[in-house]
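Read the structure below first, then the notes.
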There are 2 protein chains.
Amino acid sequence: MKILRFGGGRWGILEGETVVETDGPGGNPTGRRYDLAAVRLLVPATPSKIVCVGRNYREHIREMGHDFGQDLPKEPGLFLKAPNALAHPANPRDPWNTGEAVPYPFFTQELHYEGELAVVIGDRMRRVPPEKALDHVLGYTIAVDITARDAQRRDLQWVRAKSADGFLPLGPWIETGLDPQNTWVRTYVNDELRQEGHTSAMIFSVAEILAYISSFMTLEPLDVVLTGTPEGVGVLNPGDRIEVAVEGIGTLHTRIGPKEVRPW
Amino acid sequence: MKILRFGGGRWGILEGETVVETDGPGGNPTGRRYDLAAVRLLVPATPSKIVCVGRNYREHIREMGHDFGQDLPKEPGLFLKAPNALAHPANPRDPWNTGEAVPYPFFTQELHYEGELAVVIGDRMRRVPPEKALDHVLGYTIAVDITARDAQRRDLQWVRAKSADGFLPLGPWIETGLDPQNTWVRTYVNDELRQEGHTSAMIFSVAEILAYISSFMTLEPLDVVLTGTPEGVGVLNPGDRIEVAVEGIGTLHTRIGPKEVRPW
């Protein structure tokens, strides 16, 4: 089942090309139906927090200049993205004229894409063991973890590097029926394949990540967890078109806007 | 004016010992009035994000082992706390029997207090220059930035160290009439003075911090910004009583709960 959020904040289910409005995420039909091509899609979550895993594919750790030999992380390395970073997804029926463009902020010269599988929480989780963690998942969606790589190197913590306005395009919808450890994540920039990772190569599984987070941090319904990016990250320029495709979910289309000027 | 949040999520104004209920933060009276001693106080904000300054008093930078000579930060060093960290404040009329105790989590052996002045945003801010930043402030309250110092040293990013459940007692209310650069922040642990800093000693003023954040991150109404801690941070033990007093606001009382066991 594909769950989506649209219009002024309504929820729906996608049936073919029709959006069947529901009274909540995965809820009951209200009777109203719309053509998918006609609706404005919104970020399919309203998270109180967004928790991300920094290094969860071996080859990405290597490309970031870290030798992993004996040093494979023993626990997920987490960071946060703030909700102001969320950018509404494009409508896949008109991908380059809808959705929110990502601003290219004044403080960076090195904006990067990181395509990722994202988890949307269904039920509150606190101290949930790995074997029960997936019971609390509503479903899966697609994220571009936009990163100002130069600011990430420069700053002690990654607030500016990861949480500037628009740094988290998310969507276009939530797929409830996915096996999170058996799918491909592929990122294309201007139609060229740049990242390709299979989620079976994750160092920490989705269940392990969620259990770990919930051991000290209560996860709330519609919170979002990003599961890390495969190798192949790289630079973005104003006007670039990014597609992140996750097999079984669909494709998230994102444009990079013009370079912003310093505000004062 | 002192603005508070209480009961199931209602807002009010404190007049002497009376809570005058209002229809929103700093809003119009509803006609209902309560004795302060009888209400359950809540965190006086509902932030979409909590942005914190890491090193904003010179002597605290020094005590954390950093020589500041030429290296005084040129920009505020930010980190995030997630909203799950918020802990409801004690009622100052019965400070040791009300409010939420801070859990002492299983993953740390070195829990620290950091007493701070906190800012509550009133109006949305995006790219607001320093000279206009304070116009967007609703008022000021008091925070304990609870920190797992050992996890902070160990982890690349400070999620576990700063955002475990209950790591941000905040309150007891918002004072709208404070001069944020002309007040004292004092922290007492078990009645002993441990931290004493004057906000005129901040490296970055509140106006500079807010303007800096808003240059890349839109601040929303009721978002919270922590302004850094003065020198004198130190360890906490289960059962400890913390008081953070900010002249002109009042005192936030916090208890440390028992040590939690590993969840599995």
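Chain identifiers are assigned alphabetically (A, B, ...) following the order of the sequence lines, protein sequences preceding nucleic acid strands; residue numbering begins at 1 within each chain.
- Distance check, rounded to the nearest 0.5 Å: CZ of B:Phe216 to CZ of A:Phe167 gives 9.5 Å.
- Proximity to chain B (any heavy atom under 4.5 Å) is shown, for A:Glu220, by neither the backbone nor the side chain.
- Both the backbone and the side chain of B:Pro129 come within contact range of chain A, with heavy atoms under 4.5 Å apart.
- For the residue pair B:Thr218 / A:Asn84, no side-chain donor-acceptor distance below 3.5 Å is found, with atom types taken as modelled.
- Here B:Val261 is the residue among B:Val261, B:Val51, B:Leu219, B:Asp155 with the most heavy-atom pairs under 4.5 Å with chain A.
- Listed here is the closest heavy atom pair of A:Ala211 and B:Trp264: O-CH2, 2.9 Å.
- Interface check for chain A: of the options B:Gly166, B:Pro130, B:Ser214, the most heavy-atom pairs under 4.5 Å are formed by B:Pro130.
- Contacts between B:Phe79 and chain A at a heavy-atom distance below 4.5 Å involve backbone atoms as well as side-chain atoms.
- Atoms CD and CZ, on B:Glu75 and A:Arg160 in that order, are 4.5 Å from each other to the nearest 0.5 Å.
- With values rounded to the nearest 0.5 angstrom, B:Leu78 atom CG is found 10.5 Å from A:Leu156 atom CG.
- Only the backbone of B:Arg262 comes within contact range of chain A, with heavy atoms under 4.5 Å apart.
- By the 6.0 Å contact criterion, CZ on B:Arg154 is enclosed, its count of non-hydrogen atoms from other residues, nucleotides or ligands being greater than 12.
- Taking A:Val128, A:Ile50, A:Asp223 one by one and counting their heavy-atom pairs under 4.5 Å with chain B, the maximum is reached by A:Val128.
- Taking every heavy atom of both residues into account, A:Ser215 and B:Pro263 meet most closely at CB-CG, 3.7 Å.
- Taken to the nearest 0.5 Å, the CD1 atom of A:Ile213 stands 11.5 Å off from the OG atom of B:Ser163.
- The two residues A:Arg127 and B:Phe106 come nearest to each other via the heavy atoms NH1-CD2, 4.3 Å.
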Verdict with reasoning, B:Lys49 to A:Leu80, per side chain to side chain contact (heavy atoms under 4.5 Å, CB included): CA-CA 10 Å; B:Lys49 59 187 167 295; A:Leu80 298 169; over 6 Å; no
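- Judged purely by atom type and a 3.5 angstrom limit, B:Gln157 has no side-chain atom pairing as donor or acceptor with the backbone of A:Gly77.
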